[in-house]
Amino acid sequence: MSGAGNGFNRRRFLAVGGGLAALAVTGCGSNTGRAPEGGSGSSGGRPALSQWYHQYGEPGTQQAVEKYAKEYADATVTVQWSPGDYDKKTASALLTDGGPDVFEYGNGPSIDMIKGGQVVDLTELLGDTKSDFTPSLIARNTYQGKLYAIPQVTDMQLLVYRKSLLSAAGVQPPTTVDELIAAAKKLTTDKVKGLFVGNDGGVGILGGPALWSAGVDYLKEDNTFGFDDPAAVESLRKLRELFTSKALLLGAPTDWSDPSAFTQGLTAMQFTGLWTFPQIQKAFGDDFGVLPWPKLDSSTGAPSVTVGAYGSAVSAKSKNVDAAKKFVKWLWVDQTDKQLDWAQSYGFHIPARKSLAEKAEKLKSGPAADAVRFVNENGHAQTPLLWTPKSGTAYSDALNRIIKSGSDPATEIKAVKAVVEAELKRVAG
Amino acid sequence: MSTISTRLRGRHDRNLWFLIFVGPFVLGLVVFVYVPILWSIWLSFFDAYNTVTPTNFVGLSNYLDMLRDSSFRSSLLTFVVFALFIVPTTFVASLGLALLVNRARFAKTFFRSVFFLPTACSYVVASLIWKLSIFSGVRFGLMNTVLGWFGIEPVAWLSVTQPPWYWLVIVTARMWLQAGFYMILFLAGLQRIAPSLYEAAAIDGATGWKVLRFISLPQLRATSTAVLLLLLINAFQAFDEFYNLLSSSGQYPPYARPPLVYLYYAALGQGQDFGHGSAGAVILTLLIALVALGQGRFLGLGRKED
């Protein structure tokens, strides 16, 4: 019963958040996934490590990481597989001694985790292999010259389209945003919508592409605010135009990260991730193609795809920091066969190392090969390291107001700029 | 020695049994409510990013930041709008149901159970049913199918702000879940009214609306006051249905973000900003206390019945 009575106290709990989160996690300290240890963090002479993953959607992934962990000889590694809100759970657990030794984090640890000393420097682990890792991912995980996470795999977001539907409607794959809007309108019928960019109309995933499409970025090279620019204003205005075009699918049963809306024929085009390719291929065979988010117009910006990666990091509160670092090096730097297996045996991902990406058979032909080309030619890291959650919320609030309520993009960008500049000042140095 | 022990145990071991039954609850209350509240108040005076044992004392600056933060202020506005929707509608619905069920001539228990059962449903489950089945934005969603029979185009209930259909989804979900609970409160109140009052009214020729207006409603005054207060506090604490209906891929729209959802994102989200989050929680607690006291004074909660 969550309404009256009992719910009362439970919600007040949530309101006083900080202390409770820590307490709750401490209270569940035994459930860390770490092997039983005799107080010294070792078991049978070998150090005991706990390694945390979020719950991957692809079948077989959990067994794979458990197998990798078992094969490691120098420590007893216990894998904890976490369904639910992994990011928040991990962030809270890192405050306590009950957290993981090794953990993955989307796009690597946040700037506040790094500045708060919650994760350790992993720079030395790469050695000669540094140049083999995708440079944008290494840059994303580096702060003041020190590397804080080893990229495990490269993921990307891009447009997929149903070839047969486009040719039936006489529509060419769009290369500018105007062409995309026109195509979406033309592909819309009473049963099928033209485009799906998430149930929020693209607020969650198009923030980055809209900027790159206009030739700007979240932050400039010198880490100052990046999009106080007329082209960005125009690009965000186009997102509003798309939202009001009646060609967008809204309120679908699953969101953009799942291919169901596309494979069930609710939409002709969808902005989604590379990981959905096995399901799309199963549904349509060769009847689909891929595109980057198009450039704003023929003279402005460039097409783009969003690139992200889960990075493997080591908690500073680990009792065995050195053993944890050795394990991370073993798994994500030395064991290339396991990295290749992890990237391509369960879903579609691009190995984080260039030499392995070249070996990945599944990525050599068809739409997957096009996707890999986009990563190299049009890839952008999802958000920069100094783009804090508060900056992210300010931008996403602005996008919400622009896209859904028709607010003026120029005014909204100014408001975002004020928040971002204050945040940059806070985390600088 | 034995006298002290006997005295401590009380007559028939009453003190001992009291401690056994009440002790664990008191301990739970202290550990899981009072300690976090005090800890939170302490954190609110510190810069506490990604730590709950901070060192950088900042005085009242977190409080000032929160009061200046337009998002926090707009979250309070969201609450006001929500309360304006949910408090009167649930009040009228639960009172109406109680009157109907009270007068039912047959299957009384059945009807009471039917209206009370949704209270047992989880907010998360109800939100998912509302979001994925009833108010799904695609043409085969339940509401859109019904609209389709009248030739009306599918509505993206939770994706548009003009018109703000999301309020309909949020308010109906909560109303369905909590009307039964308040119905029971009203029912208890109605059953406490002496039948002689109704008989006297009948002799005086009062019927229908007049009986309700001059007998039932005045007699329900104490219950109504308590229901209003509970409804308002519950509205302040709205979280589950907002969070589950409107969050998507790590984002949350600003237009329907009540205070708890905002603080959740600030303190427990990736932000892990416990200083500001705690300051916001303290401000919110004070506001709830203030409103409750004000309402109690205005409506006379706890005052001796005239």
Side-chain angles (χ1 to χ4, degrees), chain A residues 1-5 7-9 11-24 87-88 91-92 94-96 110 112-113 115-116 118 190-191 198-201 203-205 248-253 255-257 261 266 388-390 392-394 396-397 399-401 404-406 415, chain B residues 31-33 35-40 43 48-52 71 119-120 122-123 132 135-139 141 154 156-162 174 177-178 181-182 230 233-234 237 239-240 248-251 253-255 260 263-265 267-274 277-278 281 284-285:
Chain A
M1 195 180 85
S2 189
F8 199 122
N9 286 333
R11 295 213 190 108
R12 181 159 292 168
F13 256 105
L14 206 49
V16 296
L20 175 67
L23 262 186
D87 286 0
K88 293 190 181 79
S92 307
L94 288 175
L95 299 170
T96 73
S110 72
D112 282 308
M113 282 179 181
K115 284 180 67 89
Q118 293 186 307
D190 58 344
K191 294 231 159 52
N199 288 321
D200 55 10
V203 172
I205 47 171
L248 272 194
L249 174 65
L250 294 167
D255 223 323
W256 66 273
S257 59
L266 299 178
T388 63
K390 195 167 179 185
T393 303
S396 123
D397 285 2
L399 282 172
N400 251 302
R401 287 189 283 261
K404 294 184 181 175
S405 311
Chain B
V31 171
F32 291 109
V33 179
V35 170
I37 287 176
L38 291 175
W39 198 347
S40 181
L43 278 175
Y49 288 93
N50 292 54
T51 177
V52 286
S71 303
T119 309
S122 132
Y123 268 56
L132 299 176
F135 290 101
S136 151
V138 285
R139 64 179 188 284
W157 301 97
L158 288 164
S159 300
V160 292
T161 57
Q162 298 164 331
R174 175 167 276 232
L177 283 162
Q178 67 177 11
F181 175 79
Y182 294 105
L230 283 176
I233 292 177
N234 272 336
Q237 296 176 326
F239 179 85
D240 295 359
S248 66
S249 54
Q251 310 284 334
Y255 50 82
L260 282 200
L263 294 178
Y264 173 72
Y265 274 90
L268 296 178
Q270 286 178 19
Q272 298 279 305
D273 179 359
F274 298 118
S278 299
L284 193 63
T285 310

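Because only heavy atoms are used, hydrogens play no part in the values below, and waters and symmetry mates are left out as well, while side chains stay in. Letters A, B, ... are given to chains in the order of the sequence lines, protein chains preceding strands, and every chain is numbered from 1.
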Response to the item:
Ranked by heavy-atom pairs below 4.5 Å to chain A, first place among B:Ser159, B:Gly137, B:Ser71, B:Gly141 goes to B:Ser159
Worksheet item: Non-hydrogen atoms of chain B under 4.5 Å away: do they reach the side chain of A:Leu399, the backbone, both or neither?
Response: neither
Practice prompt. Select, from A:Arg401, A:Met113, A:Lys191, the one with the greatest count of heavy-atom pairs under 4.5 Å involving chain B.
Written response: A:Lys191
Item to complete: Check each atom of B:Leu177 against the heavy atoms of chain A and say whether the ones under 4.5 Å are side chain, backbone, both or neither.
Response: neither
Worksheet entry | Contact origin within A:Ser405 toward chain B - heavy atom pairs under 4.5 Å | both
Fill in: Expected output: side-chain B:Gln251 to main-chain A:Val203 donor-acceptor under 3.5 Å
no
Worksheet item: So which part of A:Asp397 gets closer than 4.5 Å to some heavy atom of chain B, the side chain, the backbone, both or neither?
Response: both
Discussion item. Just by distance, no angles: are the side chains of B:Tyr255 and A:Lys404 close enough, under 3.5 Å, to form a donor-acceptor pair?
Written reply: yes
Worksheet item: Side chain, backbone, both or neither: which part of A:Leu249 has a non-hydrogen atom closer than 4.5 Å to chain B?
Response: side chain
Discussion item. Are the side chains of A:Asp200 and B:Pro253 in contact, using a 4.5 Å heavy-atom criterion?
Written reply: no
Fill in: Cation-pi geometry met for A:Lys390 and B:Tyr265 (6.0 Å, 45°)
no
Fill in: Interchain contact, A:Asp255 with chain B, by part (heavy-atom threshold 4.5 Å)
side chain
Worksheet entry | Shortest non-hydrogen contact between A:Ala252 and B:Val138, atoms and distance | CA-CG1, 3.9 Å
Discussion item. side-chain contact (heavy atoms from CB on, under 4.5 Å) for B:Gln272 and A:Leu95? Distances and angles first, verdict last.
Written reply: CA-CA 10 Å; B:Gln272 298 279 305; A:Leu95 299 170; 3.9 Å; yes
